[in-house]
*Asks:* 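Okay, handing you the structure first.
Just so we're on the same page: letters track the sequence lines, and every chain starts at 1. Quick note: numbers below take in every heavy atom, side chains included, and nothing from hydrogens, waters or symmetry partners.
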Amino acid sequence: MMRTSTDQNLGRSGLSERNEAPPATRSGRRARGSFVTAILAAALIAAVTLSVSVGPVGIGPAKVWGIILHHLFGLGDPSSWTPVQDNIVWDLRLPRALLGVLVGAGLTVVGIVVQALVRNPLADPYLLGISEGAAVGAVAFIVWGFGAFGVASTAGAAFIGALGSFILVYLLAFRSRNLTPLRLILAGVAVGYALQAIAHFMVLQADNPGQTNAALFWLLGSLAKARWSYLGVPAAVVGLASVLLMGQARALNALAVGDETAASLGIGVERLRRSMLALASLVIGVVVALSGSIGFVGLVVPHLVRLLVGADHRRLLPAGLVGGATFLVVVDVVARMALRPQEVPIGIVTAVLGAPMLMWLMSRRSEVG
Amino acid sequence: MTDEPDEGKEIHHEGILTVRRKTILVCMPGLIAALLLAACATRTPAAGPTAAPSPSAAGYPVTVADCNGINSTYHSAPKRVVTLAGSSELELMYWLGLGDRIIATGFRPEPGTFPPQFDAAAQGLPKLSGKYEAGGSYKPPPKEELLSLEPDFVISGFSSSFDAEGAVAQKELAEGGTNSYLMFSTECDSARNKPLEDLSLVYRDIDNLGKIFRVQERAAELISQMQTKVSSVQQRLQGVTDRPKVFAFEFDEGAETPLATGNRQTINAVIELAGGRNVFSDLDKGYENVNWEEIIKRDPDVILIITYGTGNDAENAAGIEKAKAFLSGFAPIQNLRVVQEQRYGDLLYGLGSVGGVRNADAVETLASILHPDLVKPGS
């Protein structure tokens, strides 16, 4: 599988080959991790099926899969469904489910990585002010309608904003020789608050209620903008970054214990932290640009998955990838259907569903974190 | 009727005394004008008509209830009017020929959104320093700024003009002797407890303002003109059983997750009267953000593109073309009949989406779009 090949890459780059988890229950845990990941993968397929099967227009699952298989492989008889049903499944529901997969997976993987990098269980993907930067870009585009650097969409503007905030945090924290987690957190928080203030100020400057609504809808986060043409870039970025991050799983294990431990194992702590944060920021920039800042997923799903498979990043990252995707796809189904025809902002549903899940798992397992 | 004088109320003498004292303080700079004092000293419901300190003009006093159920008694026609929202209530003032009574407006309408004959005057009004903010909430004009103008009548279409944090509440105005009126036809919750299917709320506002300003003839004329237009459309549509399903698409509010206009929106009444059916007539709300699938499911016969407009015909046309280009290029709806046949109409927001005199024109225009063989535009 993917994991073995990246382990080999890792071995060649010599970053962390000597770090091993405690040997006592290793094989047992590994088996459990693979088992949970397999279950989560099955759950993800079920969640995507559910997501494309439910909606205001009733279309049976057989017909739904007929439409999808027909588009993918030319199978099936298109005359057994109407062109409108085809549009609904192929142009509305499936891109939306897939965007949910990408956003959920991206947020969770990055959440896991950032929590390890700064050794703080309260860290989340938005720690570095990336989402606030994206918000500034998006709101500026919505309110003033200008395209900085020729961008022609809210998503493009959001990504440029995310990039800008990353550079700011970099200037504040990364230039120091000694990049401690605390310094990183403080830089991220400072930049995040400053940019949030700017975004709010710009919303206040919006004259027309339409702009204000658009800006607020964006700030709350939504998967409603999913279209096929928007999915290519995030798919490539989330996929590639996940492979690269999983390749550093052993190094993350060492880093989670402590900088000294990692250094004693021959890991270039500073270089690793910088490169992984850059990668994480890239993923978050792309994800937030399309979905707005959907909260809670990147903070809580990592803990949920950790309770299921343990803290070893070699199991945690793949399980998080699949688990985060599943979680967000299910949450989006609830957001769409709970108060039909109203769409509930997805960030509200993530918290409503995620918090009880976390508490339930915590009460079942004593070893948290 | 709701606008009958409320004579059943007990009069508390102490209450009147306190009220008078406050009134005089507030009105101190205006004491020179006896008429102004008369207007200032009015207060309801504690002070009934009998509390009038000076002889009333002919036809007064008159008591009128507003959307919040506040009964205000008028002893003469208001002369210093502030329109707090600067939208529907301001337009109605102009329709009634009362533009010269307005001393300030909370907001000016977007240039070109008012009927051309009123636009220049509206743009020239002194503006108070309030501001609309995120989420449709709003920062009202500072209390002192409003009170220092010594208005004798404050009117708005939106309850937030009186309820918002920092706004001067209607009760507070009444205690200072200033009458206020929250319109029924714009967004009045108490009047929207059932689907809007006619223009009766607009008629009620016109009628009430006619009484308050003693311009009943003009009010009656406006109402009868509107009713004539609407009933002429109704006559032509008599026997029509095919009521096209209309999706009112407020393009300026965002196209990705479109706004559905429910049955508590003025456009619902306009569509009904124009011989159509709102695809979201089952939605007991003003507005709702929905998924496009809801629109596909409801399979509209006509998409009515609603834009705010700028007063510039070329810009308006460009805005409508932009909406049409979106509809024709948006993959998920390409197989809808309404898109394939391009059955689109367009209407300015100010005409059909907010209660007012022009709603009757909107009914005519929309009827000519929905039933072109029966109703000709402008007929």
*Asks:* Can you tell me if B/K322 has over 12 outside heavy atoms packed within less than 6.0 Å of its NZ?
*Replies:*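 No, not enclosed.
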*Asks:* I want to check something: taking the side chain as every heavy atom from C-beta on, are B/L336 and A/V84 in contact at a cut-off of under 4.5 Å?
*Replies:* yes
*Asks:* Side chain, backbone, both or neither: which part of B/E294 has a non-hydrogen atom closer than 4.5 Å to chain A?
*Replies:*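 Both parts, backbone and side chain.
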*Asks:* Heavy atoms only, distances under 4.5 angstrom: which of B/D282, B/N291, B/V290 has the most pairs with chain A? Name it, please.
*Replies:* B/N291
*Asks:* Determine which residues belonging to residues 49-65 of chain A lie within contact range of chain B, meaning some heavy atom pair is under 4.5 Å apart, and list them by number or answer 'none'.
*Replies:* A/G55, A/P56, A/V57
*Asks:* For A/L92 and B/E293, work out which heavy atoms get closest and say how close.
*Replies:* CD1-N, 3.8 Å
*Asks:* Who wins among A/H200, A/R93, A/R96 for the most heavy-atom pairs under 4.5 Å with chain B?
*Replies:*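 Most heavy-atom pairs within the cutoff with chain B belong to A/R93.
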*Asks:* So, do A/D91 and B/I333 sit near enough that their side-chain heavy atoms are less than 4.5 Å apart?
*Replies:*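 The answer is no, as the side chains (C-beta and beyond) never meet within the 4.5 Å cut-off.
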